[in-house]
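As structure tokens, the structure follows; a few thoughts come after it.
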Number of protein chains: 2
Amino acid sequence: MGDELFKALADPTRRTILDELAERSGQTLFEICTRLNMKHGIGMSRQAVSQHLAMLEAAGLVRTRREGRYKFHDLDTTPLRRIHERWPGSQTSEKDS
Amino acid sequence: MGDELFKALADPTRRTILDELAERSGQTLFEICTRLNMKHGIGMSRQAVSQHLAMLEAAGLVRTRREGRYKFHDLDTTPLRRIHERWPGSQTSEKDS
DNA sequence: ACAATAGGCAAGTATCTACTTGCCTGTCAA
DNA sequence: TTGACAGGCAAGTAGATACTTGCCTATTGT
């Protein structure tokens, strides 16, 4: 349990995808592919990116909504909270400026 | 960069080691081995656990201090903060009860 | 000194993971 | 309806990762 979350975060490409979705929410698979290629020099097949997105979705980090032939991807960071709940002391202090 | 942190967290045995160090700080390799075995039924060679500890140390999640023939391991959760700094919105609200 | 204890190094193996390629399905515009 | 576009499924492959075994070093107690 929680295994999928940490597995999802383990890959650098997947973390970059999360970065992209954090910057612009609701992107399609092709948009993400293009951005990975343009902005990060990641020349990866569409299939590979699709598989990464599936893992991110399985981890609950990405939510999807289908509209016609498009599938939009949105970031959901709430699963990350479990990390801090598990190992307290890792939270940014509530009293910091 | 930051790669070692996520790689370190990716393995369930390593996460259990972090749990154990969170519960009792300053354990030796043998103590950790025993606890993994007794409390979690993980019958793993001493070498395997040692390698896991090395990865956790490389990620900055574990700090070590040597005293004679003993090597004590301490948890350091500060690297985890980078996760929330990278994807904001994942922090537990400061205003929650 | 010697045996026991705590730990480290290195090489081998077996499984897992990322990525590819080829083909198939569903949606939309002309 | 036909072609183009967005996406999905499945099998194969190369490289990474977890774990083991065997041997070596350093510290400590008797």
Side-chain angles (χ1 to χ4, degrees), chain A residues 1-21 24-38 40-59 61-74, chain B residues 1-21 24-38 40-59 61-74:
Chain A
M1 191 167 133
D3 204 67
E4 289 174 317
L5 171 64
F6 294 102
K7 284 249 166 101
L9 290 171
D11 186 85
T13 303
R14 285 196 286 272
R15 294 195 297 273
T16 304
I17 291 173
L18 293 181
D19 290 339
E20 283 306 314
L21 289 178
R24 182 198 278 199
S25 204
Q27 294 187 67
T28 67
L29 172 59
F30 275 78
E31 285 174 318
I32 294 167
C33 284
T34 304
R35 281 181 152 235
L36 287 177
N37 202 339
M38 299 286 100
H40 302 95
I42 300 175
M44 195 173 288
S45 75
R46 177 181 53 85
Q47 231 49 31
V49 177
S50 178
Q51 285 165 14
H52 283 311
L53 285 168
M55 290 191 199
L56 289 170
E57 193 175 2
L61 289 165
V62 164
R63 298 204 155 270
T64 60
R65 52 197 154 92
R66 197 117 205 198
E67 284 179 28
R69 61 177 155 175
Y70 299 102
K71 190 180 183 185
F72 301 106
H73 301 263
D74 300 287
Chain B
M1 189 169 137
D3 204 67
E4 288 174 318
L5 171 62
F6 295 103
K7 285 248 167 104
L9 290 172
D11 186 85
T13 302
R14 286 195 287 272
R15 294 195 298 272
T16 304
I17 291 173
L18 293 181
D19 290 339
E20 283 306 313
L21 290 177
R24 181 198 279 198
S25 203
Q27 295 187 67
T28 68
L29 172 58
F30 275 78
E31 286 174 316
I32 295 167
C33 283
T34 305
R35 282 182 153 236
L36 287 178
N37 201 340
M38 297 288 100
H40 303 94
I42 299 175
M44 196 174 286
S45 77
R46 177 181 54 85
Q47 232 49 30
V49 177
S50 178
Q51 285 164 14
H52 283 311
L53 284 168
M55 290 191 200
L56 290 169
E57 192 175 4
L61 288 165
V62 164
R63 298 203 155 270
T64 60
R65 51 198 156 91
R66 201 135 201 180
E67 284 179 29
R69 62 177 153 175
Y70 298 101
K71 191 181 184 186
F72 300 105
H73 302 264
D74 299 287

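Chain letters run A, B, ... following the sequence lines, proteins first, then strands; residues in each count from 1. All heavy atoms count here, side chains included; hydrogens, waters and symmetry mates do not.
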- Task: Mind calculating the distance between CG (B:D3) and C1' (D:dT17) to the nearest angstrom?
- Result: 13 Å

- Message: Please find the pair of heavy atoms, one from A:A8 and one from A:R14, that lie closest to each other, and give the distance.
- Response: O-NE, 2.8 Å

- Message: Could you check whether any side-chain heavy atom of A:K71 comes within less than 4.5 Å of a side-chain heavy atom of A:L29, counting everything from C-beta outward?
- Response: no

- Item | pair B:L36-B:M44: side-chain heavy atoms closer than 4.5 Å | no

- Main-chain N/O of B:A10 paired to B:R15 side chain as donor or acceptor, under 3.5 Å: yes

- Atom CZ of B:F6 to atom P of C:dT17: distance rounded to whole Å? 18 Å

- Rounded to whole angstrom units, what separation is found between the CD atom of B:E4 and the P atom of D:dA16? 15 Å

- Determine whether A:L9 and A:L61 make a side-chain contact, defined as any pair of heavy atoms from C-beta on separated by less than 4.5 Å. yes

- Task: Go along nucleotides 5-12 of chain C 5' to 3' and tag each nucleotide: B for a protein heavy atom under 4.0 Å from its base, S when only backbone or sugar atoms are that close, - otherwise.
- Result: BSBBBB--

- To the nearest Å, how far apart are A:D11 CG and C:dT17 P? 11 Å

- Task: Output yes when at least one side-chain N/O atom of B:H52 is less than 4.0 Å from OP1 or OP2 of D:dT17, else no.
- Result: no

- Roughly how many Å is it from CD in A:E67 to C1' in C:dT27, rounded to a whole number? 13 Å

- Between the main-chain N or O of A:Q27 and the side-chain N or O of A:E20, is there a donor-acceptor pair closer than 3.5 Å? no

